[in-house]
Amino acid sequence: MDVTGSRPRFRFAPSPTGFFHVGGARTALFNWALAKRLGGTFVLRIEDTDEARNRPEWTQGIIDALAWLGISTEDETFEGPFFQSESNEAHLAAAEKLVTAGAAYYCAMSPEEIAERAKLEGVTGYGGWSRDLGTGPGPGHVLRFRVPDGTTVVHDLVRGEVRFDNSVIEDFVLLRGNGSPVFNLANVVDDMSMGITHVVRAEEHLPNTPKQQMLWDALGIPTPTWGHVPVLVNEQRKKLSKRRDKVALEQYRAEGFLADAMVNYLMTLGWSAGDDQEIRPWSEIQELFRLEDVNLSPAFFDVKKLSAFNGEYIRMMSTEELVEACGHWVPAHWDRTRLDAIAPHIQPRLITFADVPQLIDFIFEPVVIDEESWSKVMSAEFSVDILHEATSAYANASEWSADHLKALLEDVMQPFGMKLGKAQAPIRVAVTGRTVGPPLFESLDVLGREETLDRLQSAAQRLGQ
RNA sequence: GCCCCCAUCGUCUAGCGGCCUAGGACAUCACCCUUUCAAGGUGACGGCACGGGUUCGAAUCCCGUUGGGGGUGCCA
């Protein structure tokens, strides 16, 4: 990999957790947009240091989710995936270097001992008690970073200067008692060896940043450019969590949300191009996105608005795209020709593609009469009359087309002096089983004469009892 | 507790000292259109958290208060 060039190198470093978090999706997208526009590189690094989070299939899930978002491993901007666990030696070497330089020291105190002493001294956390004991490495001995006096100033592209008083940062652990490297160390060393120039991640990492920056300094390498973007929150304004909230990207995908809509929506959370336009293609977003324009406050992930975006994107699809997409959401045995014919009529009625089957099932399957709809509509006397007369009119229809079927019903209803909206109701319930659905005459057209007549006659029969 | 971040309609945002009697989008409501339901059109409702400064002038700058969030692990 080219780690010496002047081209910016971004990275996305998720830890495998079994599903892809929408917040992670947004962070990945931010990095991707930047890498693309700046002619840089997007590095994917799987942070699998914690053994509990280390399953091969989790990694594939991440790659699949990224691909769905348009971040493809095939793209020249993409690099990876790399695995944190595979650079263990580099982490250890860096730790050794820090020890040699006197920037880190071993500590034999157990968590219990630390808690005890802290309580005794009335302090919180670790007080650097082993700093100058000259403890050597050994089982159960952790390696700690010797936090220097002074102030650490983090220059953040999103937030400006953030200052931390080093005195409130305790000597944090670099190597666990079993010798394995901990997040802060591994993360920094990997970023260094991968030549990362820009660290763009969620705000929750901001408190880690002074520690990491001290590590960069101690290791003698110029720090990367930081950018901490606000987190995504739920309705209670709490950070999106997998326990309480619907955060899995895969789930939204399974529910029929379009990748384009999801991507576009995600990009409007915490960022705007500065004008009044929200819906725009990725190609434009990519050119417009600036870290400097990212907001500072947490944003609520609103499924209602996501849905609105999705509906918007569905309506922008061409008929071909629409039919193609619908095809993936209905049973394989449903007739393609009929699907092609009805698809355009459901386009403005869709929120997600999961809505498709229930909207048009009556065209492909035996009709199921919704009793509530039936009693509501058929109880009216004129409805019964309309149904009977329309049935015979349709039986003798000279032409089977939406326009003609509509005209025939208009003829039928005329003596009754009613509006089309009312007159179509009994036909609709008889044929589709419900009071709402796609445009009626178009539906009858697609359904065909025979099936339509069958259903009308069944309904008439049922009424005759 | 301590550290850090944040604060414009219910929500996402525009605004970066005068163009703001604060603009757009989603949601909500009303009306129009209409073949049900949608979509579409028009309109309404609704906000600068509070208090001090700075300034001729503050949503915009500074300070404080309050409120919210994040972190505080031998997790990442």
Side-chain angles (χ1 to χ4, degrees), chain A residues 13-17 47-50 52-53 84 107 109-111 114 123-126 140-144 154 156 158-159 162-165 167-170 172-184 186-187 201-210 228 230-231 233 235-239 265 268-279 295-302 304-309 311-312 314-315 345-351 355 359 373 377 402 405-406 409-410 419-425 427-429 432 434-443:
Chain A
S15 59
T17 53
E47 307 231 316
D48 54 355
T49 304
D50 180 8
R53 309 186 186 188
Q84 185 156 77
C107 168
M109 291 179 79
S110 68
I114 291 169
V123 298
T124 50
Y126 177 71
H141 296 189
V142 299
L143 182 69
R144 288 181 181 275
V154 172
D156 190 290
V158 177
R159 281 153 212 281
V162 186
R163 317 179 79 86
F164 296 86
D165 186 339
S167 66
V168 299
I169 300 175
E170 66 177 43
F172 53 96
V173 171
L174 261 21
L175 257 30
R176 300 189 179 91
N178 65 6
S180 66
V182 122
F183 166 71
N184 277 128
N187 187 269
R201 66 220 318 187
E203 185 191 0
E204 65 209 61
H205 284 291
L206 193 51
N208 282 323
T209 310
H228 290 90
V231 294
V233 297
E235 210 150 11
Q236 286 75 240
R237 303 249 112 213
K238 300 274 191 228
K239 191 172 75 166
Y265 174 62
T268 67
L269 260 24
W271 175 77
S272 120
D275 53 21
D276 283 343
Q277 193 186 335
E278 292 183 318
I279 306 270
N295 273 178
L296 308 181
S297 31
F300 170 46
F301 183 83
D302 187 358
K304 279 240 186 72
K305 189 150 183 177
L306 202 215
S307 299
F309 269 53
E312 197 76 24
I314 288 175
R315 275 168 252 129
H345 299 295
I346 61 173
Q347 187 165 22
R349 275 158 261 263
L350 296 174
I351 300 298
D355 299 337
L359 219 45
S373 300
V377 171
L405 294 172
K406 181 184 176 193
L409 184 62
E410 278 168 340
K419 293 267 179 55
L420 189 54
K422 214 164 192 178
Q424 57 95 48
I427 315 293
R428 180 181 288 283
V429 172
T432 75
R434 321 176 188 107
T435 56
V436 302
L440 182 61
F441 308 108
E442 286 75 1
S443 297

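All values below were derived from every heavy atom in this structure, side-chain atoms included, with hydrogens, water molecules and symmetry-related copies excluded.
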Using whole Å, what does the distance between atom [atom2] of nucleotide [N] and atom [atom1] of [X] come to?
X	N	atom1	atom2	value
A/Arg201	B/A76	CZ	C1'	10 Å
A/Ile279	B/G40	CD1	P	11 Å
A/Tyr265	B/U13	OH	C1'	11 Å

Given [options], which nucleotide is nearest the side-chain atoms of [X]?
X	options	result
A/Glu204	B/U13, B/G40, B/G71	B/G71
A/Asp276	B/G24, B/C12, B/U13	B/G24
A/Ser15	B/A76, B/A14, B/C5	B/A76
A/Arg349	B/C74, B/C12, B/A38	B/A38
A/Phe164	B/U35, B/C4, B/U13	B/C4
A/Ala308	B/C26, B/G1, B/G71	B/C26
A/Glu278	B/A25, B/A76, B/C37	B/A25
A/Glu203	B/G71, B/A76, B/G69	B/G69
A/Val162	B/U35, B/C5, B/G69	B/C5
A/Asn295	B/C74, B/U35, B/A14	B/A14

Base, sugar-phosphate alone, or nothing: which one does [X] contact when heavy atoms must sit under 4.0 Å apart?
X	answer
A/Thr268	sugar-phosphate
A/Glu442	base
A/Gly437	base
A/Gly270	sugar-phosphate
A/Phe441	base
A/His228	nothing

Polar pair under 3.5 Å, donor/acceptor by atom type, side chain [X], base [N]:
X	N	result
A/Gln277	B/G24	no
A/Arg237	B/U11	no
A/Asp302	B/A27	no
A/Lys305	B/A25	yes
A/Glu235	B/U11	no

Could you say whether A/Trp271 or A/Glu410 is positioned toward the 5' end of RNA chain B, judged by the nucleotide with the nearest heavy atom to each?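 In this pair, the answer is A/Trp271.
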Quick check on RNA chain B: between A/Thr124 and A/Leu420, whose nearest nucleotide comes earlier from the 5' end? A/Thr124
Who is the Watson-Crick or G-U wobble partner of [N], with both distances under 3.5 Å?
N	value
B/G43	B/C29
B/G64	B/C50
B/U21	none

Taking only the [atom1] atom of each, what is the distance from [N] to [M] in whole angstrom?
N	M	atom1	result
B/C16	B/A58	C1'	12 Å
B/C9	B/C29	C1'	15 Å
B/G68	B/C62	C1'	22 Å
B/A59	B/C20	P	13 Å

Rounded distance (nearest 0.5 Å) linking atom CG of A/Asn187 with atom CD of A/Gln84: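 The CD atom of A/Gln84 is 6.5 Å from CG of A/Asn187, to the nearest 0.5 Å.
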Would you say A/Lys239 places a side-chain N or O within less than 4.0 Å of OP1 or OP2 belonging to B/G71? yes
Please name the residue in the list A/Glu203, A/Arg159, A/Arg201 that meets the side-chain hydrogen bond (donor to acceptor under 3.5 Å, both in side chains) test with A/His228.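 Among A/Glu203, A/Arg159, A/Arg201, the one that satisfies the side-chain hydrogen bond (donor to acceptor under 3.5 Å, both in side chains) with A/His228 is A/Arg201.
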Using the side chain to side chain contact (heavy atoms under 4.5 Å, CB included) rule, take A/Val377 and A/Arg428 through it: C-alpha gap first, then chi angles, then the decisive distance, then the call. CA-CA 10 Å; A/Val377 171; A/Arg428 180 181 288 283; over 6 Å; no
Ring centroid separation for A/Tyr126 and A/Phe172, is it under 6.0 angstrom?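 So the answer is no for these two rings.
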Report the C-alpha distance between A/Val158 and A/Leu296 in whole Å, list the side-chain angles of each, state the deciding distance to 0.1 Å, and finish with yes or no for side chain to side chain contact (heavy atoms under 4.5 Å, CB included). CA-CA 7 Å; A/Val158 177; A/Leu296 308 181; 3.6 Å; yes
